[in-house]
Protein chains: 2
Amino acid sequence: MGRKRFGDMNCGIAQALEAFGDWWTLLIVRDAFFGARRFGDFETNLGIAKNILSDRLQRLVEHGIFSKQPVAESAQRFEYRLTEKGEALLPVLTTLRDWSDEWVFGKGHEPVIVKDRATNRRIPRMRVTDVDGRPLGRRDLRTEPGPGASQQTLRLLERRRQGPL
Amino acid sequence: MGRKRFGDMNCGIAQALEAFGDWWTLLIVRDAFFGARRFGDFETNLGIAKNILSDRLQRLVEHGIFSKQPVAESAQRFEYRLTEKGEALLPVLTTLRDWSDEWVFGKGHEPVIVKDRATNRRIPRMRVTDVDGRPLGRRDLRTEPGPGASQQTLRLLERRRQGPL
DNA sequence: CAGTATCCTCGCAGATACTG
DNA sequence: CAGTATCTGCGAGGATACTG
């Protein structure tokens with residue numbers, strides 16, 4: 001019967017999940033903070049299928065997190081920009097980043113165990129390394145806003161010691 | 001080909017999603033903060049299928065977010081408790097709650113539009129109301145920690161004006 | 001380039017039966 | 001009660017072809 005919907009739960013967390021609780025959406029939002037605006041930006045950044053991306057962008061627009069505007073006057077091209085509601089998601093992203101910094105990458109890190117699908121056995125998951133196999137420290141994991149990031153986003157990132165994502 | 005995994009992305013947000021980015025997990029964590037410990041607690045609270053709950057609890061234990069301990073000495077019953085890593089997720093939950101308070105339930109609220117699957121038409125989603133159909137204010141949406149909530153959790157909730165979820 | 005439409009596969013989830 | 005095992009199905013997600 002497919003997934004259960006959380007939209008009718010009396011809980012802000014359930015509501016938030018209903019808006020952006022799927023696997024891709026939050027990463028799309030993250031890229032938007034880094035300056036992604038056009039369909040192709042998200043596509044190449046994330047390696048997401050076109051139809052899925054199309055669906056997610058529509059959904060984000062419907063939820064008022066993105067706005068869709070023609071890129072130039074009377075052009076057929078559009079761009080997706082974070083609305084105020086969307087910009088308000090920055091604390092969500094930074095909080096997630098902070099938790100991972102400390103508990104996935106950071107000092108509290110223990111190798112994560114996952115199940116191998118084929119053998120159904122528990123195996124330690126690969127650690128995150130650079131291309132040469134050297135483990136990455138938390139400093140290396142920050143992503144800097146791209147050149148397309150808006151002044152507003154840059155201000156937001158700068159404020160309250162929130163730093164890059 | 002199934003879902004794409006984010007575990008190898010050099011991004012804390014992707015890592016966090018890989019750990020608890022699915023639909024149910026964060027709600028399970030929320031209930032843990034409210035005092036849920038036993039399998040049946042989560043089951044009845046959430047109305048989740050047994051096998052899914054079992055899988056999610058295992059995954060949470062593997063990720064070090066929950067610990068599984070015998071409830072009494074040498075008993076066959078177990079309870080799932082938030083580890084320190086798990087307790088560290090509280091800011092994530094409160095941030096999500098705050099965003100929903102302001103942008104889904106709060107002043108910035110505009111009725112959310114969703115697609116009707118059958119007709120493929122856009123329809124406004126139900127607003128959140130009480131059983132009598134009266135719209136709920138943000139104050140009504142907070143959930144209080146249950147009697148099983150640990151002193152540690154209560155301290156955490158109290159600190160930094162984080163309030164109930 | 002920016003999508004839409006279609007097909008297909010598999011993961012997620014519900015239901016249920018079964019076990020200690 | 002606390003799970004595990006199995007069956008089933010929807011639908012999310014990937015790949016690709018097609019359109020303006």
Side-chain angles (χ1 to χ4, degrees), chain A residues 1-6 17-18 20-28 31-32 36-62 66 68-72 74-81 114-118 120-122 148, chain B residues 1-7 14 17-18 20-28 31-32 36-62 66-72 74-81 114-118 120 122 148:
Chain A
M1 318 223 166
R3 234 197 72 231
K4 188 168 299 189
R5 297 286 155 171
F6 303 136
L17 290 176
E18 197 57 37
F20 53 83
D22 71 278
W23 293 105
W24 281 116
T25 302
L26 216 47
L27 293 179
I28 294 173
D31 276 18
R37 299 212 187 310
R38 306 279 293 270
F39 189 92
D41 294 340
F42 298 101
E43 191 183 4
T44 55
N45 287 351
L46 292 170
I48 184 177
K50 282 165 162 303
N51 49 353
I52 303 299
L53 176 58
S54 178
D55 177 81
R56 292 302 180 277
L57 288 173
Q58 275 187 46
R59 203 175 292 233
L60 283 163
V61 169
E62 287 163 356
F66 278 1
K68 181 177 185 177
Q69 304 160 343
V71 59
S74 78
Q76 255 60 341
R77 305 293 171 74
F78 296 92
E79 60 183 17
Y80 301 87
R81 290 167 162 273
V114 294
K115 249 192 215 170
D116 181 73
R117 280 210 169 271
N120 205 29
R121 227 173 308 185
R122 312 291 165 90
Chain B
M1 324 235 154
R3 236 198 71 229
K4 187 168 299 190
R5 299 286 155 169
F6 304 136
L17 290 176
E18 197 57 36
F20 53 84
D22 73 278
W23 292 106
W24 280 117
T25 301
L26 216 47
L27 294 179
I28 293 173
D31 276 18
R37 299 212 188 309
R38 305 280 292 272
F39 189 91
D41 294 341
F42 298 101
E43 191 183 5
T44 55
N45 286 352
L46 292 170
I48 183 177
K50 282 164 163 301
N51 49 352
I52 303 299
L53 176 58
S54 178
D55 177 83
R56 292 303 181 276
L57 288 173
Q58 277 187 43
R59 203 175 295 232
L60 283 163
V61 169
E62 287 162 357
F66 279 1
S67 68
K68 181 177 185 177
Q69 304 161 343
V71 60
S74 78
Q76 255 60 341
R77 304 292 170 75
F78 296 92
E79 59 183 18
Y80 301 88
R81 291 168 162 274
V114 293
K115 248 191 217 171
D116 182 73
R117 279 207 171 274
N120 206 28
R122 313 291 164 90

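Every heavy atom of this structure was used, including side-chain atoms; hydrogens, water molecules and symmetry mates were not. Just so we're on the same page: letters track the sequence lines, and every chain starts at 1.
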Of the nucleotides C/dG14, D/dT16, D/dG14, which one has an atom closest to the side chain of B/I52?
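The answer is C/dG14.
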Quick one: which of D/dG14, C/dC12, C/dG3 gets closest to the side chain of A/F78?
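Looking only at heavy atoms from C-beta outward on A/F78, the closest nucleotide is C/dG3.
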Below the 4.0 Å mark, does [N] have OP1 or OP2 next to a side-chain nitrogen or oxygen of [X]?
X: A/Q58; N: C/dG3; result: no
X: A/W24; N: D/dG14; result: yes
X: B/S54; N: D/dT4; result: yes
X: B/R38; N: D/dA2; result: yes

Which atom of B/W24 lies closest to which atom of B/I52, heavy atoms considered
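In terms of heavy atoms, the two residues are closest at CD1-CG2, 3.9 Å.
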If you compare all heavy atoms of B/F20 against all heavy atoms of B/L26, which two are closest, and at what distance to 0.1 Å?
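Distance-wise, the nearest heavy atoms are CD1-CD1, 3.5 Å.
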To the nearest 0.5 angstrom, please state how far the CZ atom of B/F66 sits from the CD atom of B/Q58.
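Between B/F66 CZ and B/Q58 CD, I get 13.5 Å after rounding to 0.5 Å.
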Contact between B/R38 and B/V71 at the side-chain level, heavy atoms closer than 4.5 Å - yes or no?
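A side-chain contact under 4.5 Å exists here.
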Length of the [atom1]-[atom2] vector between [X] and [N], whole Å:
X: B/K68; N: D/dA2; atom1: NZ; atom2: P; value: 11 Å
X: B/E43; N: D/dG3; atom1: CD; atom2: C1'; value: 9 Å
X: A/I48; N: D/dA15; atom1: CD1; atom2: C1'; value: 14 Å
X: B/Y80; N: D/dC1; atom1: OH; atom2: C1'; value: 12 Å
X: A/K50; N: D/dG20; atom1: NZ; atom2: C1'; value: 13 Å
X: A/R77; N: C/dA2; atom1: CZ; atom2: P; value: 5 Å
X: B/D22; N: C/dG14; atom1: CG; atom2: P; value: 11 Å
X: B/D55; N: D/dT4; atom1: CG; atom2: C1'; value: 12 Å

Indicate the ring-plane relationship of B/Y80 and B/F42, choosing parallel, tilted or perpendicular according to the 30° and 60° boundaries.
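Perpendicular: the ring planes of B/Y80 and B/F42 meet at over 60°.
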side-chain contact (heavy atoms from CB on, under 4.5 Å) partners of B/F39, counting only residues at least two apart:
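Per chain and number, B/F39 pairs via side-chain contact (heavy atoms from CB on, under 4.5 Å) with B/E43, B/K50, B/L53, B/S54, B/L57.
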For DNA chain C, what dot-bracket results from Watson-Crick or G-U pairs at under 3.5 Å, with [ ] for crossers and | for inter-strand partners?
||||||||||||||||||||
Under 3.5 Å: donor-acceptor pair, side chain of B/D55, backbone of B/N51
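Side chain of B/D55 to backbone of B/N51: no pair is present.
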Please work out if B/F42 contacts a base, only the sugar-phosphate, or nothing of the nucleic acid, heavy-atom cut-off 4.0 Å.
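Nothing: the residue B/F42, judged by heavy atoms under 4.0 Å, touches no strand.
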With no angle test and no hydrogens, is the base of D/dG14 tied to the side chain of A/N51 by a donor-acceptor pair under 3.5 Å?
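Donor-acceptor pair under 3.5 Å: yes.
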